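Numbering starts at 1 and runs along the sequence shown. In this text the structure is predicted, and so the values were computed from the model without any measurement.
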Amino acid sequence: LIAGSIPAIYKTHPHMELNWRSVVTFALGAAILMYFALAFPEVSKSEGVGVELVVNAHQAVKLIGAGILAGGSMIVPGISGSFMLVLIGQYHIVIKAVKEFHILFLAVFGIGVAFGIWSFAKIIDIFLKRFPKETFYFILGLVIASLYPIFPGLPPSAGKILLSFFIMFLAGMLSYRLGEKR
């Protein structure tokens, strides 16, 4: 689905010719996402089991920060808030808070999400007005780099590999076709 959305993002701006600024902003977007993927390689495997949902000052700062990143990523095409939570190791903790309906924990996280959506929307709006092409290249860098951390590897059998590629092709085509409808 993510790979299929790449052409739609690229076609959003009419003047996407390459120059040094667009290459730098693309690389910066890709580098930021790759940093999270490589700096925290095992976080997506933690299940949040045995984690206590306590809101103290340290945890509140972490929750607000995670909320800001998750909320901000929700408005970037191809990047989801839950994907960002997985990358920073907070996904299972937030899911546990939802499952246990831990209101204080969710409220602090929600403050971060709301601030992240608001602030990232403002920042992206400013950048789209001042540097539209470079902003789209930055987003493309984020989106393309996001393919790396979600790739689970190849299945053990040839049949499952073929099935995986078939499903990947169908999902990519679906995403591509939906992007054409804009």
Sequence neighbours excluded, the answer for side chain to side chain donor-acceptor pair (under 3.5 Å) partners of Ser82 is Ser80
By side chain to side chain donor-acceptor pair (under 3.5 Å), which residues pair with Ser175, not counting sequence neighbours?
none
Is the closest side-chain heavy-atom distance between [X] and [Y] below 4.5 Å?
X	Y	answer
Tyr176	Ile6	no
Leu33	Tyr148	no
Phe115	Ile64	no

If Ile, Leu, Val, Met, Phe, Trp and Tyr residues are connected whenever their side-chain heavy atoms lie under 4.5 Å apart, and connections chain through other members, are [X] and [Y] in the same group?
X	Y	result
Ile126	Trp118	no
Val24	Leu140	no
Val61	Leu63	no
Ile32	Phe131	no
Val23	Phe127	no

Nearest heavy-atom pair of [X] and [Y]: which atoms, and what distance?
X	Y	result
Ile144	Phe26	CD1-CE1, 3.7 Å
Ser73	Gly81	OG-CA, 3.4 Å
Met34	Ala145	SD-O, 3.8 Å
Phe120	Ile75	C-CD1, 3.4 Å

Audit row: Val113, Met74, side chain to side chain contact (heavy atoms under 4.5 Å, CB included) steps and yes/no:
CA-CA 9 Å; Val113 170; Met74 287 180 205; 4.0 Å; yes
Quick one: pull up [atom1] in [X] and [atom2] in [Y] and give me the separation to the nearest 0.5 Å.
X	Y	atom1	atom2	value
Thr25	Leu142	OG1	CG	10.5 Å
Lys160	Ile167	NZ	CD1	11.5 Å
Asn56	Lys62	CG	NZ	9.5 Å
Ile124	Ile139	CD1	CD1	5.5 Å
Ile103	Phe101	CD1	CZ	3.5 Å
Ile161	Leu154	CD1	CG	5.0 Å

Sequence neighbours left out, what passes side chain to side chain contact (heavy atoms under 4.5 Å, CB included) with Leu104? Give chain and number order.
Val55, His102, Val108
Are any side-chain N or O atoms of Ser22 and backbone N or O atoms of Leu18, one a donor and one an acceptor, separated by less than 3.5 Å?
no
Does Tyr137 reach the main-chain N or O of Met16 with its side chain, forming a donor-acceptor pair under 3.5 Å?
yes
Summary of salt bridge (charged side-chain N to carboxylate O under 4.0 Å, His left out) pairs that have at least one residue in [range], sequence neighbours excluded:
range	value
residues 102-114	none
residues 113-127	Asp125-Lys129
residues 131-155	Glu17-Lys133, Arg21-Glu134

List the steps and the verdict of side chain to side chain contact (heavy atoms under 4.5 Å, CB included) for Phe105 and Gln59.
CA-CA 9 Å; Phe105 198 91; Gln59 184 63 25; 3.6 Å; yes
Taking atom OH as the centre, does Tyr91 end up with more than 12 heavy-atom neighbours from other residues, nucleotides or ligands that are less than 6.0 angstrom away?
no
